[in-house]
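As a basis for the values below, the full set of heavy atoms in this structure was taken, side chains included, without hydrogen atoms, waters or symmetry mates.
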Amino acid sequence: MKIALRNFLTTLRRYKASSLLNIIGLTLAFTACYIILVQVRWEMTYNRTLRDSERIYLIETTDWYTPGRWQSWLSRPLSERLISSTSAVEVGGCTWGGFGPMTVLRENASKMGYDRFNNIYAGSISLPLLDVFDFKSVAGDVHDLKRAQSVIISRSTAEQLGVGVGDMLWCNIDQPSAENAREVVAIFEDFPQNSLMAKCHMAMDLGDESLDDPSEWGYNYYVRLQPGADPGAIADGWEKFFIEMNPSAANEDGHLDTAPVRLSCIRDLYFEADSRVPCAQGSEATTWTLLGIALLVIVLAFINFVNFFFALVPVRIRTVNTFKVFGASASSLRFGFVFEAVGLVVVSLFAAWYLAFFVKGTEFASYISASLALSENLPVVAAVVAVALVMALSASLYPAWYITSFAPALVVKGSFSGTAGGRLLRTVLLGVQFTIAVGLIVATGFIRLQHDYMMNHDMGFDKRDLVAVRLSNTAARSYDVLRDRLLSDPRILDVTGAEGRLVNVSRMGW
């Protein structure tokens with residue numbers, strides 16, 4: 001082992017350019033592969049890290065405006081009736097509009113005032129949702145949320161706010177008082193970041209709101225089914241309730257023309273293409289494309305690695321045969337070559353780790369949904385290391401066998417590079433390498449064209465010199481005063497406001 005290590009270090013010093021280019025190529029390839037696989041893993045495991053995710057379903061109904069599509073906004077009277085009527089449903093609960101940013105105040109006695117925390121994601125939930133998603137209590141009991149003026153918060157949020165069970169908070173309150181305070185009754189374990197519950201930093205009890213209002217369709221309902229229950233059969237059995245609530249919708253046979261409701265497993269929501277769901281969504285084709293790109297990058301790195309290894313064969317045959325003359329065994333020499341290849345890969349892996357650590361602190365990391373920290377992506381790290389070691393073994397075994405196959409007397413004989421087989425192999429490898437590289441460049445060009453099209457598409461108004469901001473509740477109530485103040489600045493031509501975003505991916509149909 002010591003001899004192999006010494007020979008490896010000697011090779012690095014003697015063939016500096018080749019070794020450096022090899023390490024740089026492998027480092028960039030491993031870094032790119034790691035980053036891509038982190039994103040692919042995040043997308044493919046979305047919602048799957050939630051406990052019993054295979055038994056948790058989102059209730060969806062037919063879209064009111066687009067035939068053939070589905071949406072997940074329901075009314076409470078209908079949904080509660082569906083859930084209570086089905087024994088196959090273990091428990092079902094809802095959120096109202098999901099979890100959005102909220103301003104939270106915490107009393108600071110030393111300053112005789114309040115500390116303000118913005119963008120704490122909070123929402124109102126029905127109590128059964130605590131069991132649907134299995135909220136894990138860290139302190140207190142999450143089911144105490146049923147108490148009036150109470151709130152539960154996640155572990156990380158409790159640390160951020162510096163509060164514990166029994167402390168008081170004010171949520172979206174401009175004038176805090178004892179009457180509008182909320183008591184922290186429990187702290188729960190944070191949900192996985194790649195799940196629809198990731199932004200559940202704080203939750204309040206929805207209570208009986210809209211339970212008797214069939215016109216309010218602003219609730220997302222989730223159900224946990226009994227083990228072995230058939231979601232399709234459950235959805236089919238719910239048709240009669242829709243007909244009872246809307247008899248005119250039934251056809252001559254007493255049935256609905258289209259299925260009024262379906263149950264979608266939360267494991268499949270990320271790639272669900274025919275519905276608007278209350279969580280992150282992506283394209284399955286894009287995810288598989290990313291995985292394909294990662295594989296192509298590794299193939300390029302492998303070919304590059306093999307080419308560099310073969311490029312050194314002619315100049316190293318003399319050295320190898322000299323060692324054999326002095327009694328070195330073929331097996332020890334072959335082990336030295338394999339050790340050298342593994343050493344290059346290991347050095348590249350450490351360099352790739354440092355590069356990924358650097359990327360984590362840059363703007364580029366914002367394009368990745370998941371954290372790039374190695375500790376949070378151990379399966380990806382293991383996969384990259386395994387691929388790297390297989391690459392090292394595959395690229396070094398044949399050259400190691402070939403170089404050591406000559407008789408010691410043939411020190412100055414021809415080399416593999418001069419044979420027809422050697423030339424054919426190098427030509428094939430270079431051809432494949434250039435084909436993949438050109439293909440990736442062309443694909444990148446088309447992606448850039450698509451990006452430019454989206455950024456420069458005519459939206460019906462001039463986007464230049466426009467600024468949009470989100471107002472606080474206080475600023476919104478004083479909009480006219482704010483508008484007059486802004487218009488007093490000669491650099492501002494005009495000001496307008498709206499209840500929601502003027503440019504949005506979706507909005508209320510009416």
Side-chain angles (χ1 to χ4, degrees), residues 8 11-12 14-38 40 288-317 320 334 336-353 355-356 380-405 415-447:
F8 171 63
T11 300
L12 292 180
R14 181 175 297 177
Y15 308 108
K16 294 183 180 66
S18 176
S19 300
L20 182 61
L21 289 174
N22 222 341
I23 291 174
I24 291 175
L26 289 174
T27 298
L28 294 176
F30 292 151
T31 304
C33 184
Y34 172 75
I35 292 174
I36 292 173
L37 290 181
V38 165
V40 169
W288 284 108
T289 300
L290 285 175
L291 183 59
I293 290 174
L295 294 177
L296 289 177
V297 168
I298 287 297
V299 170
L300 282 176
F302 173 76
I303 293 175
N304 197 58
F305 189 49
V306 171
N307 283 337
F308 273 116
F309 226 87
F310 275 124
L312 294 177
V313 169
V315 298
R316 301 186 68 177
I317 286 183
V320 169
R334 290 167 184 169
F337 278 102
V338 174
F339 184 88
E340 179 183 319
V342 173
L344 287 172
V345 165
V346 170
V347 171
S348 301
L349 284 172
F350 277 105
W353 180 79
L355 186 56
V380 176
V381 173
V384 173
V385 170
V387 169
L389 293 179
V390 170
M391 177 192 301
L393 294 175
S394 302
S396 61
L397 285 176
Y398 179 71
W401 173 85
Y402 177 80
I403 294 177
T404 56
S405 63
S415 67
F416 177 77
S417 63
T419 66
R423 289 193 299 270
L424 177 62
L425 179 59
R426 290 198 311 277
T427 301
V428 171
L429 290 176
L430 286 173
V432 173
Q433 188 175 22
F434 278 110
T435 300
I436 295 174
V438 171
L440 290 176
I441 292 172
V442 172
T444 303
F446 277 108
I447 292 173

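- In terms of heavy atoms, Val345 sits closest to Ala392 at CG2-CB, 3.6 Å.
- To the nearest 0.5 Å, atom SG of residue Cys33 and atom CG of residue Leu28 are 12.5 Å apart.
- One finds the OG1 atom of Thr27 at 9.5 Å from the CG atom of Asn22 (value rounded to the nearest 0.5 Å).
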Indicate every side-chain donor-acceptor pair of residues 288-300 with a distance under 3.5 Å to a residue at least two apart or in another chain.
from	atom 1	to	atom 2	distance (Å)
Thr289	OG1	Ala285	O	2.7

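- Taking Thr444 as the reference, nothing meets the side chain to side chain contact (heavy atoms under 4.5 Å, CB included) condition, with sequence neighbours excluded.
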Expected list for residues 431-443: side-chain donor-acceptor pairs under 3.5 angstrom, two or more places apart:
from	atom 1	to	atom 2	distance (Å)
Gln433	OE1	Asn307	ND2	3.4
Gln433	NE2	Asn304	OD1	3.4
Thr435	OG1	Gly431	O	2.7

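- Of the options Ile35, Leu349, Leu355, Val385, a side-chain contact (heavy atoms from CB on, under 4.5 Å) to Phe30 is made by Leu349 and by none of the others.
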